[in-house]
Amino acid sequence: SQQGEEDPQALSIQEGENATMNCSYKTSINNLQWYRQNSGRGLVHLILIRSNEREKHSGRLRVTLDTSKKSSSLLITASRAADTASYFCATDADNYGQNFVFGPGTRLSVLP
Amino acid sequence: NAGVTQTPKFQVLKTGQSMTLQCAQDMNHEYMSWYRQDPGMGLRLIHYSVGAGITDQGEVPNGYNVSRSTTEDFPLRLLSAAPSQTSVYFCASGAGSSSSPLHFGNGTRLTVT
């Protein structure tokens with residue numbers, strides 16, 4: 001069963017615009033992570049937010065977490081063509097180490 | 001700086017054949033896992049290991065076997081391939097805590113005809 005659901009499934013924007021992706025999950029978590037996947041490659045870790053944090057920043061990335069709504073959002077500011085990729089949220093809903101549960105992802109296209 | 005290495009990158013099997021997908025990591029991680037990625041389904045956990053000699057089932061273990069004889073290697077065996085096992089397979093490793101990142105290989109694209 002899927003714990004996380006990303007929204008939207010696909011997003012197309014122009015370079016320089018901001019991109020926002022949302023993730024919802026069903027059970028309580030300790031941590032939520034965001035990953036990026038370029039076409040034909042493995043996933044790469046972007047950022048982690050703990051359940052007691054509401055917002056976190058890393059470069060052009062901003063992640064928020066609302067545990068009352070069981071949702072998180074990933075904002076990429078001033079997007080670049082190189083940001084074109086799929087983005088996944090992952091939760092530790094299994095509560096066992098690194099058995100993360102991944103959502104189906106958001107496919108982001110940044111047009112030059 | 002190899003990280004997680006998966007071989008082969010591509011494989012075509014006939015129904016009923018068996019094969020082993022290789023995974024090796026050089027980060028001395030205790031935790032390793034296998035996921036399969038299908039369109040629209042995200043990644044689903046097949047098997048995982050929290051250390052040498054210890055393996056356990058994930059969400060979709062049927063038709064797959066694993067073993068962990070060393071910290072570095074975590075091969076995934078398909079016992080009798082079926083078309084439903086056509087997928088992209090990813091191996092990942094990590095330090096074992098949910099506050100640590102997973103490190104992924106670049107995947108094996110498997111087609112079963």
Side-chain angles (χ1 to χ4, degrees), chain A residues 1-10 21 23-53 56 58 61 63 65 85-107, chain B residues 1-7 9-10 21 23-25 27 29-51 54-61 66 74 87-109:
Chain A
S1 61
Q2 288 184 177
Q3 162 76 338
E5 293 280 342
E6 283 92 349
D7 165 50
Q9 290 186 339
M21 289 156 271
C23 165
S24 61
Y25 56 92
K26 295 175 184 157
T27 61
S28 63
I29 61 170
N30 297 308
N31 301 289
L32 185 145
Q33 303 189 15
W34 284 90
Y35 287 80
R36 163 195 170 123
Q37 183 181 34
N38 287 84
S39 179
R41 305 299 295 264
L43 279 71
V44 175
H45 178 259
L46 291 176
I47 192 166
L48 171 143
I49 188 164
R50 301 175 195 275
S51 60
N52 62 355
E53 296 175 315
K56 204 156 179 187
S58 177
L61 304 180
V63 170
L65 180 64
S86 292
Y87 292 83
F88 298 86
C89 68
T91 58
D92 60 355
D94 206 356
N95 274 320
Y96 189 82
Q98 291 187 287
N99 285 1
F100 296 151
V101 179
F102 288 84
T106 292
R107 191 166 59 252
Chain B
N1 196 2
V4 179
T5 303
Q6 286 185 240
T7 56
K9 287 185 169 39
F10 302 95
L21 280 61
C23 175
Q25 53 95 5
M27 295 170 282
H29 285 156
E30 291 295 327
Y31 178 90
M32 295 186 75
S33 56
W34 278 99
Y35 286 87
R36 60 178 287 173
Q37 184 177 33
D38 301 292
M41 304 263 321
L43 280 75
R44 291 183 291 168
L45 182 65
I46 304 172
H47 283 285
Y48 66 95
S49 168
V50 296
I54 305 169
T55 64
D56 209 341
Q57 297 180 352
E59 181 187 354
V60 288
V66 291
F74 190 44
S87 188
V88 182
Y89 291 85
F90 288 98
C91 178
S93 74
S97 162
S98 68
S99 60
S100 299
L102 276 179
H103 300 263
F104 284 83
N106 282 326
T108 295
R109 184 175 292 275

If you measure from [atom1] on [X] to [atom2] on [Y], what distance do you get to the nearest 0.5 Å?
X        : Y       : atom1 : atom2 : result
B:Phe104 : A:His45 : CZ    : NE2   : 10.5 Å
B:Ser97  : A:Asp92 : OG    : CG    : 8.5 Å
B:Gln37  : A:Gln37 : CD    : CD    : 4.0 Å

Open item on the list: Are there over 12 heavy-atom neighbours, none belonging to A:Glu53, within less than 6.0 Å of that residue's CD?
Closed with: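 Counting neighbours around CD of A:Glu53, more than 12 heavy atoms of other residues, nucleotides or ligands fall under 6.0 Å, so yes.
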- [ ] Kindly check if the number of other-residue, nucleotide or ligand heavy atoms within 6.0 Å of CZ (B:Arg44) is above 12?
- [x]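 More than 12 heavy atoms, drawn from other residues, nucleotides or ligands, come within 6.0 Å of this atom.
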Open item on the list: If we ignore hydrogens and angles and just use 3.5 Å, is the side chain of A:Tyr35 paired with the main-chain N or O of B:Leu102 as donor and acceptor?
Closed with: yes
Task: Side chain B:Tyr31, main chain A:Gln98, donor-acceptor under 3.5 Å - done: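 Checking the backbone N and O of A:Gln98 against the side chain of B:Tyr31, a donor-acceptor pair under 3.5 Å is found.
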TODO: Identify which part of A:Arg50 has an atom lying under 4.5 Å from any heavy atom of chain B, answering side chain, backbone, both or neither.
DONE: side chain
Would you say the side chain of [Y] lies within less than 4.5 Å of the side chain of [X], judging by non-hydrogen atoms?
X       : Y       : value
B:Tyr48 : A:Asn99 : yes
B:Leu43 : A:Leu43 : yes
A:Leu48 : B:Ser99 : yes

TODO: Starting from the C-alpha separation in whole Å, work towards a yes-or-no answer on ring-ring contact (aromatic ring centres under 6.0 Å, His included) for A:Phe102 and B:Tyr35.
DONE: CA-CA 10 Å; A:Phe102 288 84; B:Tyr35 286 87; 5.3 Å; yes
TODO: Using a cut-off of under 4.5 Å on heavy-atom pairs, state which of B:Ser100, B:Gly105, B:Ala95, B:Pro39 scores highest against chain A.
DONE: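 Among the listed options, the one with the most contacts to chain A is B:Ser100.
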Open item on the list: Give me the atom names and distance for the closest heavy-atom approach of B:Ser98 to A:Gln33.
Closed with: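 Closest approach of B:Ser98 to A:Gln33: O-NE2, 3.0 Å.
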Open item on the list: Please classify the contact between B:Val60 and chain A as side chain, backbone, both or neither, with a heavy-atom cut-off of under 4.5 Å.
Closed with: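 Nothing of B:Val60, per the 4.5 Å heavy-atom cut-off to chain A.
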